[in-house]
Every structure is written in C-alpha cells, then in structure tokens.
Amino acid sequence: MAADLILGKDVSEKIYANLRERISVLKSKGIIPGLAVVLVGDDPASQIYVGMKDKKCKELGINSYQCILPATTTQDELIAKIRELNSDDKVSGILVQLPLPRHIDESAVIKAIDPSKDVDCFHPFNLGKMVIGEAELLPATPAGIHQMMVQSGIKIAGKHVVIVGRSNIVGKPLANILMQKDENADATVTVVHSRTANFTDLIKQADILIVAIGRPRFITADMVKEGAVIIDVGTNRIDDPSAKNGKRLVGDVDFDSVKDKVSAITPVPGGVGPMTICMLMNNTVIAAEMRVKE
Ligand code: GUN
C-alpha cells in the first residue's frame, strides 16, 4: 500500500490559522507581536532565510525588525545590539541568524539574549526548561517535527522512536520532546550517531525513524522496518544533470525506495522544511503572550 505523505505545508496551514486568531486577540489588547532578526555579514543563504522570515511575519501581521550588521561587527557590538533589543518593549522575540562570522563566539551571543525573547530556544535556560518538561518555548525544527506527527494523527506514545543524528538543534532537543511524560509524547527514544555500535540494527527496530544527518539518500529500504513512519530532516543539494539548474534537493532518506515499504513519510522538499518558520512564528506569538501575562 502506498505510504501517506506528511506535508509541512498542510500542517503549517493549520498552525497559521490558530496563530492568526491569537494575533488578533493580542491586537485587541493593543499588542502587536514583533520579531527582531539580527544578521551579521552577507552570507547569501542566510539572507534568503532572513527574507523568508520577514515575509512570513508580514503575512501574519507580526512586526518584523531586521538588523543587518556588517561582517566586521565585533562580538561586543553585537551583544550591545542584543541588549538594546532585550529592553525594547516592541520586540517580543529575538533571533540571531547563524552561522556567525568566525571571530564571534556563538555561545556567548546566544547567552546574551533575554531567555523570554529567545524564539530559537537556543539559550541554555530554555533548553533546561525543555528537559524538565517546563518549556514555554521549544526549538523550532524539533517542535515542528513533533507537531507534524501529532496533527497527522500518528500515535507516538509507547512507540520506539529512533533519531539518527545528535545535533544541538535537531537530534538532542527532539529526543527530549518525544520522551516527555505527555500523551502526545511518551515515546521510547534511541539516538544513534556516527559512533553507535549496531547502528543499522537499531534503525531497523524503529516504529518512527527520524533522520537528521545531512547525508543524501543515506537511509535505504533495506534499513527500515515494514510499516514504519519516516521523518526526513535532511536538505542536501546534489548534482542532477537532468534538472534545469543542474542541482536537486534530496533528503537523508532514499525516498523512492523507502516509500513503498513504510506507512507514512515526509518528502524532501515539502516535508519538514515549512515547519521551522511556522514554529518560529508560533514562538514569537508565545513570547508576546508571555509579556501580557507578566
Ligand atoms: N540558521 C539556519 N537555521 C537557523 C535557525 O533555525 N535559527 C537561526 N538563528 N539560525 C539558523
């Protein structure tokens, strides 16, 4: 039987509808959520991401503040800018676009963001709250993956979830979200990585397999369990002479072979991709709502 396709666009539309309602409630109280995005330097990919965030803010009625700083900005200057945004009441959320130029310590910059405005949820304070199940803000991509499963009616409780990859922005936080004591989580989670013994055996045990390693089409049909749910977080640009621009975006999963063996799968592109911005907007609205309650 053909696998169900889990599409980020469909799931994100439902979440945007809810956000529009919450934004109008805030507006009725005289509050407009505001997102400040700080970009240091002129990395073309980062410029595209920042432009996409600005566009989505405008579509939803969130104020968008772009702070574009030159690549020569010092760490002290950047932290001074963040402090300014921390104390600006119009700004509900602050995002510093990564990667930063090499002379700047990312960790020091993240720690300078007021945790209540940390819409990336990269600050250790927010990551700690997530681990103990007291999160207000959650990291966008992992929260988006969780929402994709919940909104698609995929039961997570009691399932064996195997996450391939242990990054700070996907694997580690996602493992925490899915193991929380919560009827929409309650999973048994295994995280596998480049140093895992019996790597393929563990992957084959997954009821839900989530792959975030940045290796094109790494997971093939022989590695997955029949009927599993597959979430592909990979976005790899590979050469493809048949494509107009000679390039093609593929995931970490060999979609064409795996799709016939599993019950549900996210395609690349069109799967997890749209969820990150969606959950960033969600965090911006949550941060604005938190300020009303203060
Ligand atoms: N660069 C690539 N993805 C992200 C993200 O989710 N947040 C930030 N701040 N920078 C990024």
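Order of appearance sets the numbers: ligands from 1, and atoms from 1 within every ligand. What you see below is based on every heavy atom in this structure, not just the backbone, and it leaves out hydrogens, waters and symmetry mates. Heads up: numbering here begins at 1 and tracks the sequence. Note that this is a predicted model, so its numbers are computed, not measured.
Residue Leu98 has at least one nitrogen or oxygen atom sitting less than 3.5 Å from a nitrogen or oxygen atom of ligand 1, judged on distance alone.
Under the 3.5 Å distance criterion, with hydrogens and angles disregarded, no donor-acceptor pair is assigned to the side chains of Thr284 and Ser92. Ser107 and Lys111 form a side-chain donor-acceptor contact under 3.5 Å, judged by distance and modelled atom types alone.
Residue Phe218 forms a side-chain contact (heavy atoms from CB on, under 4.5 Å) with just one option from Val211, Ile213, Asp254, and that option is Ile213. Shown are Leu100, Ile68, Thr72; of these, the side-chain contact (heavy atoms from CB on, under 4.5 Å) with Val40 is made only by Leu100.
Under a 4.0 Å criterion applied to the non-hydrogen atoms of Leu95, ligand 1 contributes the atoms 9 (N).
The protein atom (non-hydrogen) at minimum distance from atom 9 (N) of ligand 1 is Asp120 OD2, 2.6 Å. The protein non-hydrogen atom at the shortest distance from atom 11 (C) of ligand 1 is Gln97 NE2, 3.4 Å.
At least one donor-acceptor pair closer than 3.5 Å links the side chain of Asp232 to the backbone N or O of Val253.
In Val96, the part holding a heavy atom less than 4.0 Å from any atom of ligand 1 is the backbone.
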